[in-house]
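So the structure is just underneath, and the comments pick up after that.
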Amino acid sequence: MQARHGDATVELDAGATVREALGRLGVMRADVVAAAVDRGAGDEQWDLDRALPDGAVVLDPIRAATPEGRDILRHSTAHVMAQAVTDLFPDAKWAIGPPVEDGFYYDFDVERPFTPEDLEAIEARMRELLAAKQRFVRAELTRDEALALFADQPYKREVIERVEPSEVDVAEGRDEPTFTVYRNVDPDGGEAWVDLCRGPHLGSTDRIPAFRLLRTAGAYWRGQEDRPMLQRIYGTAWESQQALDDHLRMLEEARARDHRRLGRDLELLHMPEELGPGLALFLPKGAHVRRQMEDWIREETLARGYEPVYTPHVAKEDLWRISGHLENYGDLMFPGMEVEHATYRLKPMNCPFHILAYTSRTRSYRELPLRISELGTVYRFERSGVVNGLLRARGFTQDDSHIFCRADQVVDEVVGCITFARDLYRAFGLGEPSRVAVSTRPEKSIGTTEQWERAERALMDAAAASGYAYEVDEGEGAFYGPKIDIHARDAIGREWQLTTIQVDFNLPGRFDLSYIAEDGQKHEPFMVHRALFGSIERFFAVLLESTNGAFPLWLAPEQVRVVPVAADFADYARDVAEAARGAGLRAHVDDADDTLGARIRSAQTEKVPVTLVVGGDERTAGTVAVRRYGGGQRKDVPLATLIDELRTEVEDGRRGALPVGADASDGSDGP
RNA sequence: GCUGGAGUAGCUCAGUCGGUAGAGCAGCCGCCUCGUAAGCGGCAGGUCAGGGGUUCAAGUCCCCUCUCCAGCUCCA
């Protein structure tokens, strides 16, 4: 047999293992956990101690500090955890235990839920198993053998029964799938544990460098609400203690940046119980930030040819019956209100209102595309367990637009929306979209196959025309049409779905929309739904967490704080603040009866971007001493110069010239 | 909605075995008059989430409800 890696090729004896081949090829290192094996039909992942097949193969080592390597490491750690759980809870039934982003989990059916103390005990037992240096030994079984082996494991049996023959099985002439199990074998040869698993795995348990169990949670078997709820344990594992520590620190950082905490500490938001779950107040400081967001989107929508409308918050239920929302989302709408022999509902969507704006008179093809736009506040009765601050609220505001257009205009309109979203992400410092996904027809949907295919095609064409590589999320579309979702990453690497663009061929028919074309006949328009922020509240939360509350100058609720060094200079401080306000800046004076140090500290903890310290020197010269949040200080800056600089910075920020957070370390401040 | 965890002053938290509620910060008052991250002193602030129960006695033990958190499911 023959193995190749890159330009190197070696001949091997029959029965040689992957490890031996990698060694002969000179690429076997301590951090190699498995190998990608290509025997002519694409890469498969193989264990290091697995014997190579006859014939020629291409080998690539999989190292621990790679996405594939970490998956293998985490998968092995999940097995060790399941073994530890079985040792401590012999009656536990095992479900599945895959690697996931940043970690792994394993689901168990146990008599009682795991407690935090159980987690500690399981982790302690895992450390013993790591020290025991158990080898992971692969074996192949038939379906009957596998069913027999897991006779007392109903979840494993269900998995086994559902497996279909793989491409490899078919290619190799088997009409039944091959099942693989991994036995954990002690150094003395005793079998400690066996689990159904596709593999590959680490060579032995002591090759797990660092792990931590994180939390327990309930999880439905196979993710289905009508199946039993199992107990899931989440953990994480990394290629080094350092990598684990870094990850745990990142989790800590994410917790500290929670928008609910920042919103309260910085007096941006108030979410008292008296309001009700999922509802938020924007306090003055939060409202200033939000206003900048709203002003930005309003100006830009007008500049891009949208027409503003205002619509009410409640309307007769019939609108939602016609649109189909009542049928599809009735449970997620606030209940009806009986008024004068009619039932009214809080609006969960703005579409019907924009449609009524469209149908207010006969429309001509000359008017299309007609882009109707508003900041529309909607109310959805989100299930109690899903409400999550501003990220998942029961009342929120969409920068919602509906574009009514001809079929041949759909692609251009969608491209326009994608471009608009790109500009928005830049202006708000989120950089380029991290993911563009086209969602196709879901199971529960309305419309014909032809309509769906046409709309999906239009979205994919538009995504391609925008220059973004897009992915396809099969079956993730809305019930009335496919959509494009655009995601962005925040400052600490988390990904958020923000913009959504949907093609709708359904509502126009339901509401009997039409326009008069050049032929004098009625034609049905298409609709494009789009929300670029998605939800203003949600975007606000993402922005808040991403900036850690240190908003760029143009968004900051208080842009300038003037601090007199002593009460004698309060007059000049007020003059400075007045001048700043005259230039359109949000400026306040802190003349509280505190020491200068204490007032500087307040400005810093409140993350005010610009603090101006003024005393006798400054008053005499008409200057200010400038201190930037997180950045440098400058003395003797003429007030007029400073104000010009800040105005320019605000304008640049609004246009997206500066990334979020850049204000904190603006190099122009000098030493 | 489901599983688990939690709820004490505006915020962060302490409160032992069931014995009658405490700190720091913030707030208010006074002193201090200050040049770049916390000056000093005092005062006030509580239906211990809400309701019910056990007990001579409940923040503490039991039950119910509400809310929040972590997940699951869902997200037009």
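Throughout, protein chains are lettered first and strands after them, A, B, ... in sequence-line order, and every chain is numbered starting at 1. These values consider heavy atoms only, across backbone and side chains, with no hydrogens, waters or symmetry-generated copies.
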- Item | Atom-to-atom span, CG of A:Leu269 to P of B:rC11 - whole angstrom | 14 Å
- Message: Classify the ring geometry of A:Tyr379 against A:His313: parallel below 30°, tilted from 30° to 60°, perpendicular beyond 60°.
- Response: tilted
- Query: Is the base of B:rG71 touched by the side chain of A:Tyr220 through a donor-acceptor pair closer than 3.5 angstrom?
  - Reply: no
- Is any side-chain nitrogen or oxygen of A:Asn388 closer than 4.0 Å to OP1 or OP2 of B:rC75? no
- Message: Between A:Arg212 and A:Glu120, does any side-chain N to carboxylate O distance fall below 4.0 Å?
- Response: no
- Distance between P atoms of B:rU33 and B:rC40 (Å, rounded): 15 Å
- Specify the residue among A:Val387 and A:Thr216 whose closest nucleotide of RNA chain B lies further upstream toward the 5′ end. A:Thr216
- side-chain hydrogen bond (donor to acceptor under 3.5 Å, both in side chains) between A:Thr623 and A:Glu618: does it pass, once the steps are laid out? CA-CA 5 Å; A:Thr623 59; A:Glu618 288 79 10; 5.1 Å; no
- Measure from the side-chain heavy atoms of A:Ala598 and tell me the nearest of B:rC75, B:rA38, B:rA76. B:rA38
- Which whole number of Å gives the distance between the C1' atom of B:rA9 and that of B:rA23? 11 Å
- If you check every side-chain atom of A:Tyr480, which of B:rU73, B:rA37, B:rA76 has the closest atom? B:rA76
- For A:Leu332, answer base if it contacts any base atom (sugar-phosphate contacts may also be present), sugar-phosphate if it contacts only those atoms, and nothing otherwise; contact means non-hydrogen atoms under 4.0 Å. base
- Message: Could you identify the nucleotide paired to B:rU3, looking across every strand shown and requiring Watson-Crick or G-U wobble geometry with both distances under 3.5 Å?
- Response: B:rA70
- Test side chain to side chain contact (heavy atoms under 4.5 Å, CB included) applied to A:Ala478 - qualifying residues, sequence neighbours left out: A:Tyr480
- Pairing partner of B:rC32, by Watson-Crick or G-U wobble and under 3.5 Å for both distances, is none
- Within this structure, what is the CG-to-P distance between A:Leu119 and B:rA70, rounded to whole angstrom? 17 Å
- Just how far, in rounded Å, is P of B:rC11 from NE2 of A:His270? 9 Å
- Item | Sugar-phosphate, base or nothing in reach of A:Pro277, heavy atoms under 4.0 Å | sugar-phosphate
- NA contact type, A:Gly385, heavy-atom cut-off 4.0 Å: base, sugar-phosphate, or nothing? base
- In terms of the angle between their ring planes, are A:Phe108 and A:Tyr106 parallel, tilted or perpendicular, with boundaries placed at 30° and 60°? parallel
- Query: Can you tell which of B:rC72, B:rU67, B:rU36 lies closest to the side chain of A:Leu596?
  - Reply: B:rU36
- Message: Counting only side-chain heavy atoms from C-beta out, which of B:rA76, B:rA38, B:rU67 sits nearest to A:Arg601?
- Response: B:rA38
- Rounded to the nearest 0.5 Å, how far apart are CZ of A:Arg627 and CG of A:Leu612? 12.0 Å
- Task: Go through B:rG39, B:rU36, B:rA76 for me and flag the one nearest to the A:Val613 side chain.
- Result: B:rU36
- Presence of donor-acceptor pair under 3.5 Å, side chain of A:Arg255 and base of B:rA70: no
- Message: As a quick check of understanding, evaluate side-chain hydrogen bond (donor to acceptor under 3.5 Å, both in side chains) for A:His259 and A:Glu545, giving each step before the final call.
- Response: CA-CA 6 Å; A:His259 72 279; A:Glu545 296 194 4; 2.8 Å; yes
- Note on the structure: B:rC43 -> Watson-Crick or G-U wobble partner, both distances under 3.5 Å, gives B:rG27
- Note on the structure: B:rG59 -> Watson-Crick or G-U wobble partner, both distances under 3.5 Å, gives none
- Task: Please find out if less than 6.0 Å separates the ring center of A:Phe104 from that of A:Phe211.
- Result: no
- Message: Students often get this wrong, so: under 4.0 angstrom with heavy atoms, is A:Gly223 touching a base, only sugar-phosphate, or nothing?
- Response: sugar-phosphate
- Return the 5'-most residue of the pair A:Gly218, A:Phe479 with respect to RNA chain B, ranking by each residue's nearest nucleotide. A:Gly218
- Task: Check the distance between B:rC2's C1' and A:Gln224's CD and give it to me in whole angstrom.
- Result: 15 Å
- Checking B:rG39, B:rU3, B:rU73 against the side chain of A:Glu225 (C-beta onward), the nearest is B:rU73
- Note on the structure: B:rU20 -> Watson-Crick or G-U wobble partner, both distances under 3.5 Å, gives none
- Query: So, is A:Tyr234 close to the B:rC72 phosphate, meaning a side-chain N or O under 4.0 Å from OP1 or OP2?
  - Reply: yes
- Test: A:Arg599 and A:Asp591 ion pair at under 4.0 Å: no
- Task: Report yes if a side-chain nitrogen or oxygen of A:Arg264 is closer than 4.0 Å to either non-bridging phosphate oxygen (OP1 or OP2) of B:rU12; otherwise report no.
- Result: yes
- A:Lys483 side-chain proximity, nearest of B:rA76, B:rG35, B:rC34: B:rA76
- Separation of A:Met229 atom CE from B:rC2 atom P, in whole Å? 9 Å
- For A:Ala603, report the nucleic acid contact type (base, sugar-phosphate, nothing); a contact means any heavy atom under 4.0 Å. nothing
- So, does the side chain of A:Asp593 form a donor-acceptor pair with the base of B:rC32 at under 3.5 Å? yes
- From the options B:rA37, B:rC34, B:rG1, select the nucleotide whose nearest atom is closest to the side chain of A:Ser384. B:rG1
- Whole-Å distance, A:Trp221 CH2 to B:rU73 P, equals 13 Å
- Query: Is any N or O donor-acceptor pair between the side chain of A:Arg383 and the base of B:rU73 shorter than 3.5 Å?
  - Reply: yes
- Message: Side-chain N or O of A:Thr605 versus OP1/OP2 of B:rA37: is the shortest distance under 4.0 Å?
- Response: no
- Item | Closest nucleotide among B:rA38, B:rU33, B:rG35 to the A:Ala567 side chain | B:rU33
- Reckon A:Glu618 touches a base, only the sugar-phosphate, or nothing at all at heavy-atom distances under 4.0 Å? base
- When all nucleic acid strands are considered with a 4.0 Å heavy-atom cut-off, which category describes A:Lys444: base, sugar-phosphate, or nothing? nothing
- Item | Pairwise P distance, B:rG71 and B:rA44 [rounded to whole Å] | 44 Å
- Message: Among A:Arg489, A:Glu495, A:Arg494, which residue satisfies the side chain to side chain donor-acceptor pair (under 3.5 Å) criterion with A:Ser434?
- Response: A:Glu495
- CD of A:Gln633 versus C1' of B:rA37: gap in Å, rounded? 11 Å
- Describe the nucleic acid contact of A:Gly616 in one word from base, sugar-phosphate, nothing, applying a heavy-atom distance below 4.0 Å. base
- Query: Do A:Arg599 side-chain and B:rC34 base share a donor-acceptor contact under 3.5 Å?
  - Reply: no
- Message: Rounded to whole Å, please give me the gap between CG in A:Asp331 and P in B:rC74.
- Response: 14 Å
- Picking from B:rG39, B:rG71, B:rU3, the nucleotide nearest the side-chain atoms of A:Arg215 would be B:rG71
- Message: Once you apply a heavy-atom cut-off of 4.0 Å, does A:Tyr105 come out as touching a base, just sugar-phosphate, or nothing?
- Response: nothing
- Query: Which part of the nucleic acid, if any, lies within contact of A:Glu382, taking any heavy atom under 4.0 Å across all strands shown: a base, the sugar-phosphate backbone alone, or nothing?
  - Reply: nothing
